[in-house]
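Since this is a predicted model, take the numbers as computed values, not measurements. Throughout, protein chains are lettered first and strands after them, A, B, ... in sequence-line order, and every chain is numbered starting at 1.
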There are 2 protein chains.
Amino acid sequence: MILARIILGFLSLQPMTGYDLMRAFGSSATYFWSADKAQIYRTLATLVADGHARIETVPGTHGPDRAVHHVTPAGRVVLREWLASDPDRQPPRDAFLARVFFAGELDDAALARLIRSRRGDAVAVRDELMELRARTAHPDPRADRAGWLRSMTLDDGIRDHTAHIAWLDELLAELEEP
Amino acid sequence: MILARIILGFLSLQPMTGYDLMRAFGSSATYFWSADKAQIYRTLATLVADGHARIETVPGTHGPDRAVHHVTPAGRVVLREWLASDPDRQPPRDAFLARVFFAGELDDAALARLIRSRRGDAVAVRDELMELRARTAHPDPRADRAGWLRSMTLDDGIRDHTAHIAWLDELLAELEEP
DNA sequence: ATCCGCATGTAAGTGGTTACATGATTCG
DNA sequence: CGAATCATGTAACCACTTACATGCGGAT
């Protein structure tokens, strides 16, 4: 269960409520994982049941009480084991590549539309990531390794999208050639 | 349901049995989607129930009868609609990036081991894709557009892995610097 | 007053994985 | 004679998504 590990990772950086995690997945984690609240609350419950997290109830400042989750020592062990373990098996799932693979069925106009639409999305995501990198700190690997690693994951996303955009441009160039 | 569309795509290239599809997912489709047989047989059954595919039973040459599935005209419409439709929403899921994001917990040796292990996997996949590209034809976009598109999807995978390996090398270089 | 953000969850459904179950043919 | 490949499927479980359900406090 990768999601449980990721949540443990966030809690190890800072104790959080389910709602805080929702926002974390909507910002810092967007480019490597996503989770909706139903999943988050369910996973928090199992983490507590397994003794990997514990709840500290804090009176809510505006509304219901906040169930702030902390990692327990056992949870920290599980997190570290995951980080150092063999790679998670992750079968590839890329619906866009799948479409291109079968797009011989499509006429030229529809194909160009498909690729341009994808290009627009990819550029938007890349720009968003670049903005995020510009806004946040670039820590030195030796002074703040944890922060440096977090900023490097952003870098990978930016390069990834850049390479993909270049590939889309090649496709378009071939399609538009006389 | 993306899997149903992909299967429709394969059947549109050539009528196939569930077993044939298993092999197709194990070879041509490996770099953009994966599916195991339980899923394939279940999805074929729903395609037939929905009238998007029909079965032609052919006596087996060595073993049970082959249930060869053909796309129906209705199925072909559904496939073409998918190909031209708005992009499928696909939340990002990259367990390795997630690990790097939280890898501040890890000591230098464990971190380097993690990155080198990933590098090994990425190089292996890239080489496999490059071999596959060397072995297969590179059709001309104008003479055989469908074939050209299929070979281009391979290209994207190769570039993607190449960019990722370069990023991993940068990580390692920083870690090993005095 | 009404809407937005904070904060908690449950229920039902879909999609994906693992394990179980069977049997013929072909190659070494 | 045993292992691999061809060929079919079912059952149970796990992970993820969508929709439902509730209610306070602060801003416009």
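Nucleotide D:dC13 holds its P atom 16 Å from the CE atom of A:M1, rounded to whole Å. One atom, CE of B:M22, and another, P of D:dT5, lie 11 Å apart when rounded to the nearest Å. As rounded to whole Å, 14 Å separates atom C1' of C:dA24 from atom CZ of B:R66. Protein atom OH of B:Y19 is 5 Å distant from nucleotide atom C1' of D:dT5, rounded to whole Å. Atom CD1 of A:I40 and atom C1' of C:dT8 are 13 Å apart (whole Å). Between the CH2 atom of A:W33 and the P atom of D:dA15 there is a distance of 11 Å, given to the nearest Å. At whole-Å resolution of the value, CD in A:Q90 and P in D:dA15 are 13 Å apart. Straight-line distance from the CD atom of B:Q39 to the C1' atom of C:dG16: 5 Å, rounded to whole Å.
In terms of phosphate contacts, A:Y41 brings no side-chain nitrogen or oxygen within less than 4.0 Å of OP1 or OP2 of C:dG9. Residue B:R93 places no side-chain N or O under 4.0 Å from the OP1 or OP2 atom of C:dG16. Within the 4.0 Å cut-off from OP1 or OP2 of C:dT8, at least one side-chain nitrogen or oxygen of A:T17 is found.
Along DNA chain D, the nucleotide nearest to A:L3 and the one nearest to A:K37 differ in position, and the one closer to the 5' end is contacted by A:L3.
Shown here is A:M22, whose CE atom has more than 12 heavy atoms of other residues, nucleotides or ligands within 6.0 Å. Surrounding CD of A:Q39 are more than 12 heavy atoms belonging to other residues, nucleotides or ligands, all under 6.0 Å away.
On a pure distance criterion of 3.5 Å, a polar donor-acceptor pair joins the side chain of B:R42 and the base of C:dG16. You won't find any donor-acceptor pair under 3.5 Å spanning the side chain of A:R89 and the base of C:dT18, going by distance alone.
Contacts of B:A45 with the nucleic acid, taken as non-hydrogen atoms under 4.0 Å apart, are absent. B:A38 comes within 4.0 angstrom of a nucleotide base, judged by non-hydrogen atoms across all strands.
If you check the side chains of A:D20 and A:T17, you find a donor sitting under 3.5 Å from an acceptor. Side-chain atoms of A:H164 and B:R159 form no donor-acceptor pair, as typed in the model, at a separation below 3.5 Å. A donor atom on one side chain and an acceptor atom on the other are not found under 3.5 Å apart for B:D160 and A:W167.
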